[in-house]
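Scroll down for the structure; my scribbles are underneath it.
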Amino acid sequence: MTDAVVPTPPGASPPVANNFIRQIVVNDRAAGKHGGRVATRFPPEPNGYLHLGHAKSICLNFGIAREFSGTCALRFDDTNPAREDVEYVEAIKSDVRWLGFEWNELRHTSDYFEALYLCAEKLVHDGKAFVCDLSADAVRAYRGTLTEPGRNSPYRDRSVEENLDLFRRMRAGEFADGARTLRAKIDMASGNINMRDPAIYRIRKLSHQNTGDTWCIYPMYDYAHCVSDAVEGITHSLCTLEFEDHRPLYDWCLDQLDLPGDAALTEPLRRAGLRCTPSRPQQIEFSRGNLDYTVMSKRKLMALVSDHLVDGWDDPRMPTLAGVRRRGFPPAAIRAFWERVGVTKQNSVIACSVLEASVREDLDARAPRRMAVLDPIKLVITNLDAAHDETLAFANHPKNAELGTRNVPFSRGVWIERDDFAEVPPKGFHRLLPGGEVRLRGVGIVRCNNTIKNDDGSIRELHGTLDPETRHGMPGADRKVKGTIHWVSAKHAIAAEVRLYDRLFSVPNPDDDSDGKTYADHLNPHSKRVVTAWLEPALADTRAEENVQFERLGYFVADRHDHTRGKPVFNRSVTLRDSWAKG
Ligand code: ATP
Ligand code: MG
């Protein structure tokens, strides 16, 4: 990997909004801190797929690096072999790239296992860490509470020699899982429970997705994170608010170790071929991104997948990046959304209608317009010949002539939407009704003369006439009728599977379990509906993942996996308007 500047993502990037983190970076650079260098990282744990909340952190970390000509690393925080898998590693890489970012370096916390171990030996050596034989339950009992100080472990005063010997034997695999831990020696009376002699190593006799069976002791997150940041030369370590209380421990570890000054600690990394210019990073916390009508924790998303409540991690209803990608949300819309939301220390839940609005805005500007009929009923235009076959030129976009035109065939029989006709029209209905008139988009005005029924009374087809005076270029072309409806020539239509997605949950806060229900009880039973639709033939040329607008219906995307020319499959990304809005 090179140290090149993080490239600008494709497509228009929104203007950079100011926020408190950006301001810290501006000030640090002005003060010459870190020699003016800016290095960030995005550190996911490879224990699931990335979600929209992670996108906030990705946009922030990569965005700051790009803005200040710095670097951003992708670091897999892989210290818990029990939950991690290469499937997730690959998915995370693909999702970060899809969002429009490229890392300067790809690292794993496990790349630093040897350095982390040496740093821990140094702590032991300096009397700052000890091997503790208390069981997990006993540790908890000794820890105290928010109002009561903890008690020192009876093993706290072991000699340096004994600690070193035991720690080395932990590494050598002499003890069972859970039998011993290495703990930092800080202060059992600290008001911050994280500072009460936290464990920094534990025994886990498990194979690791990156290091195999080399290790049977694994560093704890708080210890591994700050040391990894420092050896990687990170300047600004951006994380979410729940780590605010961990910051004293982050700083404590770095104070004890002095990585930038201590070559003995960083030499093994260089020997292993890793670039290593250690820094003294600063941890800065910001609030998590939360959306309503969804859940955003990997654990809960994992449960939705394993309980088969959705069709996998990339189900288009999932808030995972793989899911919204398949749903047809453009990466630029997601970046613009988080930019708009901003970065603060205030926890809040953002309406997913705000994200949907970003999606509409992006797609409105560039998605080609097409006609599709999702719930078809046939309209026969009886004053046209059975052989009538006409080709009309339609603009692909009403506001952008550069998108060109396409041919739309027109014939005697057209499909229209069932609900664009009403035998008994409700008040204010401006579309087709018996004896009424409507404009067929781009064709002219038709009048409905007859309703042909099946034996059971349902409507088989409609018969109408087209007023030739109202066709394009004719004297009556401007004649006003209230409604315009879309259509697809029946003779030329292609059939497609169209998946109509809606929100996965039917309540704004599915996580709220105060009424004894869990998020699984709040699934929206109408979140997926599959129909067979009729499409205008130009849609046969749509490539997988291409976005289009079906006029009057919404934005759709050709399904990433299932769509083919011979068997088109489209997913609804969003409706044209916010159908969930009140009123
Ligand atoms: P989850 O609870 O969903 O598993 P996590 O924080 O455990 O989330 P990590 O893989 O550890 O997931 O997260 C990688 C990075 O993304 C971390 O820096 C984390 O703070 C950040 N992150 C995770 N969720 C959000 C969110 N909702 N908003 C902003 N940043 C987030
Ligand atoms: Mg985590």
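Indexing begins at 1, ligand by ligand and atom by atom, following the structure's order.
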Within ligand 1, which atoms have a heavy atom of [X] less than 4.0 Å away?
{"X": "S297", "value": "3 (O)"}
{"X": "G53", "value": "25 (C), 26 (C), 27 (N), 28 (N), 29 (C), 30 (N), 31 (C)"}
{"X": "M296", "value": "3 (O)"}
{"X": "S57", "value": "16 (O), 21 (C), 30 (N)"}
{"X": "T240", "value": "19 (C), 20 (O), 29 (C), 30 (N), 31 (C)"}
{"X": "P43", "value": "14 (C), 18 (O)"}
{"X": "P44", "value": "10 (O), 14 (C)"}

How are the rings of Y88 and Y49 set relative to one another: parallel (under 30°), tilted (30 to 60°) or perpendicular (over 60°)?
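Geometry flag for Y49 against Y88: perpendicular rings.
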State yes or no: are the ring centers of [X] and [Y] separated by less than 6.0 Å?
{"X": "H246", "Y": "Y250", "answer": "no"}
{"X": "Y218", "Y": "F113", "answer": "yes"}
{"X": "F101", "Y": "F42", "answer": "no"}

Who gets closest to atom 6 (O) of ligand 1 by heavy atom: E45, R288, R75?
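Looking at heavy atoms only, the winner is R288.
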Selected option - heavy-atom contact closest to atom 10 (O) of ligand 1, from M302, H225, K298:
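Answer by nearest heavy atom: K298.
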Counting heavy atoms only, which part of F243 comes closer than 4.0 Å to ligand 1: side chain, backbone, both or neither?
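It is neither; nothing of F243 touches ligand 1.
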Region of H51 engaging ligand 1 - heavy atom pairs below 4.0 Å
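The side chain, only.
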For the residue pair E285 and F20, what are the closest heavy atoms and their distance?
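Scanning both residues completely, I find the closest heavy atoms to be O-CZ, 3.2 Å.
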Check step by step if salt bridge (Lys or Arg N to Asp or Glu O under 4.0 Å) holds for E45 and K298.
CA-CA 10 Å; E45 187 181 352; K298 274 181 276 182; 5.2 Å; no
Under the criterion side chain to side chain contact (heavy atoms under 4.5 Å, CB included), I'd like the reasoning laid out for Y142 against R196: C-alpha separation, chi angles, the key distance, then a yes or no.
CA-CA 9 Å; Y142 274 75; R196 295 185 187 170; over 6 Å; no
Could you verify whether a donor N or O on one side chain and an acceptor N or O on the other, from D513 and T518, lie under 3.5 Å apart?
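Per modelled atom types, D513 and T518 side chains form no pair under 3.5 Å.
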Less than 3.5 Å between some nitrogen or oxygen of G289 and one of ligand 1, yes or no?
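It does: an N or O of G289 is found under 3.5 Å from an N or O of ligand 1.
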Decide whether an N or O pair under 3.5 Å exists between N47 and ligand 1.
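In fact, backbone or side chain, N47 has no N or O that close.
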Give a yes or no on whether a salt bridge exists between D78 and R107, defined as a side-chain N under 4.0 angstrom from a carboxylate O.
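No, D78 and R107 are not salt-bridged.
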